[in-house]
Amino acid sequence: VPLDGKEVFDLSQSRRNRLGASLMDLMFREILEWRTVQTDPHFGNYKVVLGRDSDIDRIVLLDFGAVRVFSKALHHPFCADGSRLSTQKS
């Protein structure tokens, strides 16, 4: 279903909160782990697969025609090993 569809709006607050947290997790993974970001992030490029008989819903990404790959040089100051934030102080 569309991310901004009635079916999503009708979910419980806790399920919508989990979807929101998943979108934030996705954004940080794109930047900090994969170094690849979808540069056309609008509601049409995301769908939600609603879980049957459970609260487990999944976000589906569409249209990777516009992406940006971050170089390791740009990425390094923000991540220690590409998968977690650096704990070094400047």
Side-chain angles (χ1 to χ4, degrees):
V1 298
L3 183 61
D4 60 347
K6 182 178 179 343
E7 299 91 338
V8 174
F9 285 113
D10 289 343
L11 294 174
S12 68
Q13 185 66 55
S14 63
R15 282 177 79 176
R16 287 184 285 142
N17 288 350
R18 282 194 299 276
L19 283 171
S22 293
L23 286 167
M24 294 299 293
D25 180 64
L26 171 63
M27 177 192 69
F28 285 113
R29 284 176 154 237
E30 286 180 342
I31 296 168
L32 302 175
E33 187 175 335
W34 303 325
R35 295 188 358 248
T36 303
V37 178
Q38 185 181 36
T39 58
D40 190 21
H42 59 80
F43 286 136
N45 281 341
Y46 299 89
K47 301 287 183 200
V48 177
V49 176
L50 299 175
R52 294 183 187 195
D53 303 326
S54 73
D55 300 356
I56 300 174
D57 305 311
R58 296 184 322 173
I59 296 172
V60 178
L61 292 100
L62 307 170
D63 189 4
F64 291 95
V67 296
R68 166 90 193 258
V69 177
F70 293 107
S71 70
K72 287 185 180 183
L74 176 66
H75 188 253
H76 179 72
F78 300 102
C79 290
D81 66 2
S83 66
R84 65 177 183 266
L85 289 175
S86 174
T87 57
Q88 296 177 353
K89 295 184 180 186
S90 7

Query - Residue list, salt bridge (charged side-chain N to carboxylate O under 4.0 Å, His left out) with Arg16, at least two apart or on another chain - result: none
Query raised in the report: When rounded to the nearest 0.5 angstrom, what distance separates CD1 in Ile31 from CG in Leu26?
Result: 9.5 Å
Query raised in the report: Taking only residues two or more places apart in sequence, or in another chain, which ones meet Asp25 in a salt bridge (charged side-chain N to carboxylate O under 4.0 Å, His left out)?
Result: Arg29
Requested in this report: For the pair Thr36 (side chain) and Trp34 (backbone), establish whether a donor and an acceptor sit closer than 3.5 Å, ignoring hydrogens and angles.
Outcome: yes
**Report entry** Hphob cluster co-occupancy, Phe9 + Leu50, side-chain heavy atoms under 4.5 angstrom
**Finding:** no
Report summary line: Applying side chain to side chain donor-acceptor pair (under 3.5 Å) to Thr39 and not counting sequence neighbours gives none
Query raised in the report: Cluster partners of Leu62, using ILVMFWY side-chain heavy atoms under 4.5 angstrom, listed by chain and number?
Result: Val49, Val60
Query raised in the report: Is it true that Met27 and Val69 fall in one hydrophobic cluster, defined by side-chain heavy atoms closer than 4.5 Å?
Result: no
Report task. Return the minimal non-hydrogen interatomic distance between Leu3 and Leu23, and the atom names on each side. Result -> CD2-CD1, 4.1 Å
Query raised in the report: Do you reckon Leu11 sits in the same ILVMFWY cluster as Ile59, going by side-chain contacts under 4.5 Å, direct or chained?
Result: yes
Query raised in the report: Counting distance only, does the side-chain N/O of Asn45 pair as donor-acceptor with the main-chain N or O of Asp40 below 3.5 Å?
Result: yes
Query raised in the report: Do other residues, nucleotides or ligands put more than 12 heavy atoms under 6.0 Å from Leu61 CG?
Result: yes
Query raised in the report: What pairs with Asp4 under side chain to side chain donor-acceptor pair (under 3.5 Å), at least two apart in sequence or on another chain?
Result: none
Query raised in the report: When Asp57 is tested against each of Arg15, Arg18, Lys47 for salt bridge (Lys or Arg N to Asp or Glu O under 4.0 Å), which residue passes?
Result: Arg15
Report task. Please check if the side chain of Arg35 supplies one atom and the backbone of Phe70 the other of a donor-acceptor pair under 3.5 Å. Result -> yes
**Report entry** side chain to side chain donor-acceptor pair (under 3.5 Å) involving Gln38 - partner list, sequence neighbours excluded
**Finding:** Tyr46
Query raised in the report: Does Leu19 share a hydrophobic cluster with Val1, counting links as ILVMFWY side-chain heavy atoms below 4.5 Å and allowing steps through other members?
Result: yes
